[in-house]
Amino acid sequence: MSATPQAVLTKRLHAALVACGLPPERGEVTAAADTRFGDYQANAAMVLAKEAKTNPRELAARIAGYFEAGDICLKPEIAGPGFLNFRLKPPWVSGQLRALADEARCGVSATKNPLRIIIDFSSPNIAKPMHVGHIRSTILGHALARIARFAGHEVVTDNHLGDWGTQFGKVLHGWKHLLDRDALERNPIAEMTRLYREVNALEQTDPAVHKAAREELVKLQQGDPENRAIWEQLVDLSWAEFAGIYEKLGVDFDERLGESFYHPALAPLVDQLLAAGTAQISEGAACIFFPDIPALTEKPCLIRKSDGGFLYATTDLATIEYRIERWDPQAIWYVAGAPQQLHFQQVFAAARRMGVGTQLEHVAFGSILGEDHKLMKTRSGDNVPLRDLMDEAVSRARAMIEAKNPELPAEEKEHIARVVGLGAVKYAELSQHRMSDYVFSWSKMLSLQGNTAPYLQNAYVRVRSIFRKLGSELGSVQEVVLTEPAELALAKKLLRFGEIVPLVLQDFRPNLLANHLFETANAFHTFYEACPVLKSGGVTEHSRLVLCAATARVLKQGLDLLGVQVPERM
RNA sequence: GCGGCCAUAGCUCAAUUGGAUAGAGCAUCUGACUACGGAUCAGAAGGUUAGAGGUUCGAGUCCUCUUGGCCGCACCA
C-alpha cells in the first residue's frame, strides 16, 4: 500500500517536531491553498509558537532544519508569518504514480479504526409514491455507505420503511369501500394514494368516516386477519414499485426492517421506561423530560400518546435497542432532512438516558427547490414522483446522445442514456454541500461543461478513447518519468485521491470527493491539450499512458463511490 | 415568542474545519479547430463574504448583536 504524499510528509514532519522537542500531534500537513506556494503546507510552527510564545518564523526555521526532505521534496520554504511549504520532486511524484498504477485501491488506505456502522436511509412510506423528498436521502445514504465500506468500515444499510402508521386506517377504509380493482392493476401506488386522499377528504366532513378509519387501524394493530392481509398486499405492491426504482438507481439494502417490525416492542419498551423512572406520565402521555439539556427543557420526547398510541420517537428508540442488540454497532447514521433535527435531538437524548453509548449521528440535508426557488412541486402542487423524474433524466440524456452520436448501436445508446441521465441526477445532489437547499435544474446537471456527471464521464470516455486507438490496454508498468507541468499537476491530483476519500467521512461530505474528481478531470483535460500521448514515443509515451490509465481508474473508482457509473463511449 | 439551519461574483455553488492575494462553473468578452473525441483548452472581466462590533499573529469560518430568508416547536411520520 503506497502512502499519500500527505501521509509521507506528515510522518516526516512529526519526526522533525520530535527532534525539536515539540509535541508531534499538532504537525498537520495539508494541501497548499495555492499551488504558487508549493504542493503541501504545514501551519505547525504558528500554532506551536503561539503556545510557546516564541517567534513563529524562527520556530519554522528550526523545524525545517530537522526536516528530512530526502528525495521526496525540496527543503521546506518558510513563508509569511511561519508557513512551511513543501514542493514535491518530480522523480518522486513519478515513482508514486507508478506505484499507484499497480494499486487496486487507487491509493486509499483502509482505516486504522474500522467501525461497525448502521446507515439508515431512504425510508419511503408504504402506500405512497416515492418522490423527490426521498431522493436526497437515498442518494446521499447510498454514497456514504459505499465510501464507508471502501474506507474499511463494516456497514449495514437499513431501509426503515414507513409501513405502520395512521395512514393505514384511511387506506384500509378506502380499500374496503372505494377500491377500483382495474386502477389498482394498472398503477397500484396511484390507486392507494387516491384511496388515502379520498378518505382523508371524507373525514373532514363526515365524523363517521373518521371513526371508521380509526377502527380499521385499531383492528390492524390488534392483528385482525382481514386487515392484516390487506396490509400485506399494500406492503408488497409498494415494495415492488420501490424495488424497481432502487434497481434502476443501483441502490440496495442489507435490511428493510420497517416500522411494523418494531411494533411488538413498543408497549414493553414504554412500560419499562416508566417503571425505571426514565419516562413520566404528563397530561396523560408518556414522556421523557430533559431538565438538564437547555435546548430540550421545554421539549420532552413523547413516547406514548394519551390515547395509548405510540409515536415516531417510540419506534426509533425501539429500533436503536434492536440494532444494538443485533449488531452492537459503534455508530448509527440517520440520513434524513434538516427539518427533523429536533426529533433526532430528542431521540438521541432519550437514547442516552436509556444508557445507549453508541455514536448517533443525524446526517441532515437541505431541501430540493424548483427553478422558482420554492420547494420542488409539480404544476398541480404535488410532490414530484421519483419515477417520473428518473424517466425524464433518462429521456433527456437519450436525446443528447442521439444528437451527438447517432451512429451508436441502439442498445448501447439506451445503456448510456441510463448511466448518464441517472448519474447526472445523483451527481448533482452529491456535488453540492448537503446542508444547502439545492436548486434542481435539468440543463445544469446534464451540461457537458462544469461540475457535472456528464463532464466527468466524458473525461473518462476520452481516456478510454486513447486506449481504443492504441489498440491495447496499458500492460505492465515500466519506468515513469514526468517532467511537463501538466503531467505533474495531473499526477499530484491523482495521488491526492487517497487523501480526499477519508475526509468525506469526517463530516459526511461527498461534495469534497465530487470537487476533487472535477479537479482531476480538469487537470486531465489540460494535460490532454498540452501533451500528446500516442506517438510521443519511448519513456514519455509510456509515462503518459500510465497517467491516462491512472486517471481512468481514479475517475471510475471515485464516481463508483458516489454511485455513478461510467460508459466506455457516449 | 423560543430554537435550528442559512446569507459568498449577475446566476448556481466551493473554500481540506482558524491560514497566505476568497476559488470554480454558467452567462459575458478575447484567442486556439487539416483535433489522441473542440462534448475541449488558454486568457480577460466580475467580491467591503448581508451589516456592525469582538476574540488573535491571522476570521467567509469562532463569539455577541442587527437585518433578511427557510424550517421546526406535546400527543403525524
Side-chain angles (χ1 to χ4, degrees), chain A residues 6 28 30-34 36-37 41 43 46-47 49-50 55-57 79-83 85 123 125 162 164-167 259 282-287 294-296 298-307 309-313 315-316 337-343 345 364 366-367 369 373-375 400 403-405 431-433 435-439 441 443-444 447-452 454-455 457-459 461-470 496 499-500 503-504 506-507 509 511-512 514-516 518-519 522 525-526 528-536 544 548 569-570:
Chain A
Q6 182 183 41
E28 217 164 276
T30 58
D34 188 321
R36 277 175 308 189
F37 302 127
Q41 66 178 52
N43 310 326
M46 291 180 292
V47 176
K50 192 175 198 166
N55 182 311
R57 281 192 68 105
F83 293 100
N85 289 330
S123 311
N125 292 317
W164 200 257
T166 47
Q167 80 259 34
E259 291 167 352
S282 165
E283 298 172 32
C287 312
L296 297 179
E298 315 247 314
K299 309 265 192 275
C301 180
L302 267 71
I303 55 175
R304 195 179 64 201
K305 298 192 281 183
S306 51
D307 70 0
F310 302 107
L311 295 117
Y312 186 21
T315 311
D316 273 352
Q340 296 192 47
Q341 272 174 141
L342 176 60
H343 165 74
Q345 241 186 311
S367 317
L369 309 178
H373 288 212
K374 292 181 180 158
L375 282 182
M400 225 167 70
K404 298 283 185 188
N405 252 332
S431 60
Q432 209 112 155
H433 187 110
M435 281 310 288
S436 53
D437 288 346
Y438 142 67
V439 178
S441 160
S443 62
K444 279 184 181 140
S447 169
L448 287 148
Q449 290 145 6
N451 191 6
T452 66
Y455 175 83
Q457 289 166 327
N458 180 54
V461 163
R462 290 181 89 176
V463 183
R464 295 303 303 151
S465 167
I466 289 173
F467 287 101
R468 247 194 320 275
K469 191 120 185 172
L470 178 69
R496 288 208 60 207
E499 299 168 8
I500 298 292
L503 215 53
V504 171
Q506 213 170 300
D507 198 25
R509 294 185 45 190
N511 68 308
L512 293 177
N515 275 335
H516 182 257
F518 177 58
E519 287 173 13
N522 271 335
H525 276 129
T526 302
Y528 183 88
E529 294 286 326
C531 305
V533 177
L534 300 176
K535 303 207 169 69
S536 57
R544 290 177 180 174
C548 289
R569 298 189 289 185
M570 62 189 282

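These numbers come from a predicted model, not from an experiment. Just so it is clear: chains get the letters A, B, ... in the order the sequence lines come, proteins before strands, and each one is counted from 1.
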S.K.: State which of B/C41, B/A20, B/C26 makes the closest approach to the side chain of A/Tyr455.
M.R.: B/C41

S.K.: Can you tell me the pairing partner of B/G60 across any strand shown, Watson-Crick or G-U wobble, with both distances under 3.5 angstrom?
M.R.: none

S.K.: Which value, rounded to the nearest 0.5 Å, describes the distance between A/Arg544 atom CZ and A/Ile466 atom CD1?
M.R.: 11.0 Å

S.K.: Between B/A74 and B/A9, how far is it from one P atom to the other, in whole Å?
M.R.: 36 Å

S.K.: What's the closest nucleotide to the side chain of A/Pro532 if the choices are B/C36, B/C75, B/U17?
M.R.: B/C36

S.K.: Considering only the C1' atoms, how many Å lie between B/U12 and B/U30, rounded to the nearest integer?
M.R.: 24 Å

S.K.: I'd like the P distance from B/A27 over to B/C6, given in whole Å.
M.R.: 30 Å

S.K.: Using heavy-atom distances to pick each residue's nearest nucleotide on RNA chain B, tell me which of A/Thr166 and A/Lys50 is more 5'.
M.R.: A/Lys50

S.K.: To the nearest Å, how far apart are A/Asp507 CG and B/U16 P?
M.R.: 11 Å

S.K.: If we call it a pair only when both distances are under 3.5 Å in a Watson-Crick or G-U wobble match, what pairs with B/C5?
M.R.: B/G69

S.K.: Hey, is A/Tyr528 stacking on B/U40? Ring centres under 5.5 Å, planes under 30°.
M.R.: no

S.K.: Rounding to the closest angstrom, what is the interatomic distance between B/A52 and B/G68 at atom C1'?
M.R.: 15 Å

S.K.: Among the candidates B/A14, B/U40, B/A42, find the nucleotide nearest to the side-chain atoms of A/Ser436.
M.R.: B/A14

S.K.: Taking only the P atom of each, what is the distance from B/G4 to B/A45 in whole angstrom?
M.R.: 43 Å

S.K.: Can you figure out which of B/G72, B/U16, B/G19 approaches the side chain of A/Arg496 most closely?
M.R.: B/U16

S.K.: Can you check whether A/Tyr438 has a side-chain N or O nearer than 4.0 Å to OP1 or OP2 of B/A14?
M.R.: no

S.K.: If I take atom CG from residue A/Asp437 and atom NZ from residue A/Lys374, how far apart are they, to the nearest 0.5 angstrom?
M.R.: 14.5 Å

S.K.: Any idea which of B/G25, B/C75, B/C36 is nearest the A/Ser306 side chain?
M.R.: B/C75

S.K.: Below 4.5 Å, heavy atoms only, C-beta onward: do A/Asn405 and A/Arg569 meet side chain to side chain?
M.R.: no

S.K.: Quick one: which of B/U40, B/A77, B/A20 gets closest to the side chain of A/Phe37?
M.R.: B/A20

S.K.: Starting at atom NZ of A/Lys404, determine the distance to atom P of B/G38, rounded to an integer number of angstrom.
M.R.: 12 Å

S.K.: Please report the shortest heavy-atom distance between A/His516 and A/Arg496, naming the atom on each side.
M.R.: NE2-CB, 3.6 Å

S.K.: Does B/C26 have a Watson-Crick or wobble partner in any strand here, with both distances under 3.5 angstrom, and which is it?
M.R.: B/G10

S.K.: Roughly how far apart, to the nearest Å, are B/A59 and B/U21 at atom P?
M.R.: 9 Å

S.K.: Nearest to the side chain of A/Arg462 - B/C41, B/C76, B/U40?
M.R.: B/U40

S.K.: If the C1' atom of B/U8 is compared with that of B/A50, how far apart are they to the nearest Å?
M.R.: 10 Å

S.K.: From the set B/U17, B/U40, B/A14, return the single nucleotide nearest to any side-chain atom of A/Asn515.
M.R.: B/A14

S.K.: In whole Å, measure the gap between the P atoms of B/A7 and B/C73 for me.
M.R.: 24 Å

S.K.: Output yes if the stacking criterion (under 5.5 Å between centres, under 30° between planes) is met for A/Phe83 over the base of B/A20, else no.
M.R.: yes

S.K.: Mind running side chain to side chain contact (heavy atoms under 4.5 Å, CB included) on A/Lys305 and A/Leu311 for me, showing each step along the way?
M.R.: CA-CA 7 Å; A/Lys305 298 192 281 183; A/Leu311 295 117; 3.7 Å; yes

S.K.: Measuring from the side chain of A/Ala285 (C-beta onward, heavy atoms only), which nucleotide among B/A42, B/C75, B/A20 has the closest atom?
M.R.: B/C75

S.K.: Please evaluate residues A/Arg462 and A/His525 with respect to the criterion side chain to side chain contact (heavy atoms under 4.5 Å, CB included), reporting the C-alpha separation (whole Å), side-chain torsions for both, the decisive distance (0.1 Å), and the verdict.
M.R.: CA-CA 9 Å; A/Arg462 290 181 89 176; A/His525 276 129; 2.9 Å; yes

S.K.: Taking the side chain of A/Gln432 as heavy atoms from C-beta outward, which of B/U17, B/A74, B/A14 is closest to it?
M.R.: B/A14

S.K.: Want to settle it: does A/Arg36 or A/Asp307 sit nearer the 5' end of RNA chain B, counting the closest nucleotide to each?
M.R.: A/Arg36

S.K.: Can you tell me whether the base of B/U17 sits syn or anti, using the 90° cut around 0 to define syn?
M.R.: syn

